[in-house]
Amino acid sequence: EPEVTQTPSHQVTQMGQEVILRCVPISNHLYFYWYRQILGQKVEFLVSFYNNEISEKSEIFDDQFSVERPDGSNFTLKIRSTKLEDSAMYFCASRWDATYEQYFGPGTRLTVT
Amino acid sequence: AQKVTQAQTEISVVEKEDVTLDCVYETRDTTYYLFWYKQPPSGELVFLIRRNSFDEQNEISGRYSWNFQKSTSSFNFTITASQVVDSAVYFCALKANFGNEKLTFGTGTRLTIIP
């Protein structure tokens with residue numbers, strides 16, 4: 001069964017460094033998303049991406065965040081200058097056109113020290 | 001704005017007992033979608049079910065059943081004859097209208113099944 005994959009599973013970085021989190025959505029899906037979950041808290045929406053542009057973003061998704069679909073398979077989230085409060089699990093998700101359920105990847109745990 | 005409330009933070013039941021997880025939502029949209037996701041200890045989010053606002057039929061899938069009641073804005077999830085493998089955090093989520101892509105999650109209910 002097709003699934004969303006994410007790399008790396010765990011990333012440790014120093015405050016102020018740039019990180020890129022990578023995702024490979026399910027191949028025939030058209031909508032892509034990033035969410036984050038701070039440890040022990042609820043899952044929060046960051047951004048949605050469709051037709052090569054951002055379709056919606058939350059107030060969390062400020063100028064230090066960016067997303068890109070550099071080729072036909074990858075979807076990336078870049079954090080330009082990480083802060084301690086960026087430490088969280090980051091989930092990528094994708095969905096097909098005709099249905100609304102989003103399928104999530106296994107997540108990347110980002111630890112900022 | 002939309003909101004999802006899962007008032008039960010943690011529930012523990014003995015294996016084989018039935019358990020119901022509550023979900024109450026708020027939205028001004030007339031068309032919306034409700035979801036349940038399971039987050040096992042390994043951390044991934046597993047899609048369980050989607051329910052459209054215009055379809056109030058309850059659904060059963062094996063030991064799982066869902067009760068959608070528009071009148072009370074609730075979408076409750078029942079596990080019958082619980083098993084240890086059901087231990088996880090369960091999230092209810094809402095997506096409202098066609099122009100709005102995000103899922104709004106509740107705070108989750110941690111379910112522990114005691115063997």
Side-chain angles (χ1 to χ4, degrees), chain A residues 1-6 8-10 23 25-26 29-51 53-61 67 75 88-111, chain B residues 1-10 21 23-25 27 29 31-55 59 61 66 68 75 88-110 112:
Chain A
E1 185 172 328
E3 56 185 23
V4 177
T5 60
Q6 291 185 241
S9 57
H10 190 191
C23 168
I26 295 173
H29 285 190
L30 301 178
Y31 295 80
F32 314 113
Y33 310 85
W34 284 101
Y35 290 80
R36 79 172 185 190
Q37 184 183 30
I38 295 171
L39 186 63
Q41 298 186 24
K42 68 177 178 180
V43 180
E44 299 175 292
F45 170 78
L46 292 178
V47 66
S48 60
F49 192 86
Y50 171 71
N51 201 24
E53 60 182 25
I54 291 173
S55 51
E56 188 178 354
K57 61 182 181 179
S58 72
E59 59 275 9
I60 302 169
F61 194 87
V67 290
F75 180 52
M89 180 76 91
Y90 287 81
F91 290 103
C92 173
S94 68
R95 75 166 176 93
W96 190 41
D97 190 24
T99 62
Y100 292 101
E101 54 267 27
Q102 297 176 18
Y103 290 90
F104 285 77
T108 293
R109 180 165 297 286
L110 176 65
T111 302
Chain B
Q2 47 250 34
K3 185 179 176 183
V4 176
T5 301
Q6 293 180 257
Q8 303 152 309
T9 308
E10 294 191 31
L21 310 183
C23 172
V24 174
Y25 62 92
T27 179
D29 291 278
T31 300
Y32 51 90
Y33 303 85
L34 295 161
F35 307 82
W36 277 95
Y37 285 86
K38 175 182 180 180
Q39 188 174 44
S42 48
E44 72 272 26
L45 285 165
V46 179
F47 165 73
L48 295 177
I49 190 172
R50 167 178 54 90
R51 173 59 70 220
N52 309 331
S53 58
F54 43 87
D55 179 5
E59 183 153 342
S61 175
W66 291 269
F68 175 36
F75 184 43
V89 179
Y90 290 86
F91 290 96
C92 181
L94 166 69
K95 177 193 176 314
N97 82 30
F98 295 102
N100 184 324
E101 280 298 320
K102 70 177 183 183
L103 292 180
T104 298
F105 283 82
T107 50
T109 297
R110 180 176 299 278
T112 302

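A, B, ... follow the sequence lines: proteins, then strands. Residue 1 opens every chain. Any value given below was found using the heavy atoms of this structure, including those in side chains, with hydrogens, waters and symmetry copies removed. Predicted, not measured: the structure shown is a model, and the values here were computed from it.
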### Task
Mind running side-chain contact (heavy atoms from CB on, under 4.5 Å) on B:L103 and A:Y35 for me, showing each step along the way?
CA-CA 9 Å; B:L103 292 180; A:Y35 290 80; 3.3 Å; yes
### Query
Quick check: are there more than 12 heavy atoms from other residues, nucleotides or ligands sitting under 6.0 Å from CZ of B:R50?
yes
Taking all heavy atoms of [X] and all of [Y], pick out the closest pair and write down the distance.
{"X": "A:F91", "Y": "B:Q39", "answer": "CZ-NE2, 3.6 Å"}
{"X": "A:E56", "Y": "B:E101", "answer": "OE1-N, 2.6 Å"}
{"X": "A:P106", "Y": "B:E44", "answer": "CA-CB, 4.0 Å"}

### Message
Need one label for A:Q102: side chain, backbone, both or neither, based on atoms under 4.5 Å from any heavy atom in chain B.
### Response
both
### Query
Side chain, backbone, both or neither: which part of A:Y31 has an atom under 4.5 Å from a heavy atom of chain B?
side chain
### Task
To the nearest 0.5 Å, tell me how far B:Y37 OH sits from A:E101 CD.
7.0 Å
### Task
Quick one: pull up OH in A:Y100 and CZ in B:R51 and give me the separation to the nearest 0.5 Å.
15.5 Å
### Pick from B:F91, B:F47, B:F35 with the largest number of heavy-atom pairs that fall under 4.5 Å of chain A
B:F47
### Query
If you count heavy-atom pairs under 4.5 Å with chain A, which of B:G108, B:G106, B:A93 comes out on top?
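Highest number of pairs under 4.5 Å: B:G106.
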### Query
Among A:R109, A:Q37, A:Q6, A:K57, which residue forms the greatest number of heavy-atom pairs with chain B at distances under 4.5 Å?
A:Q37
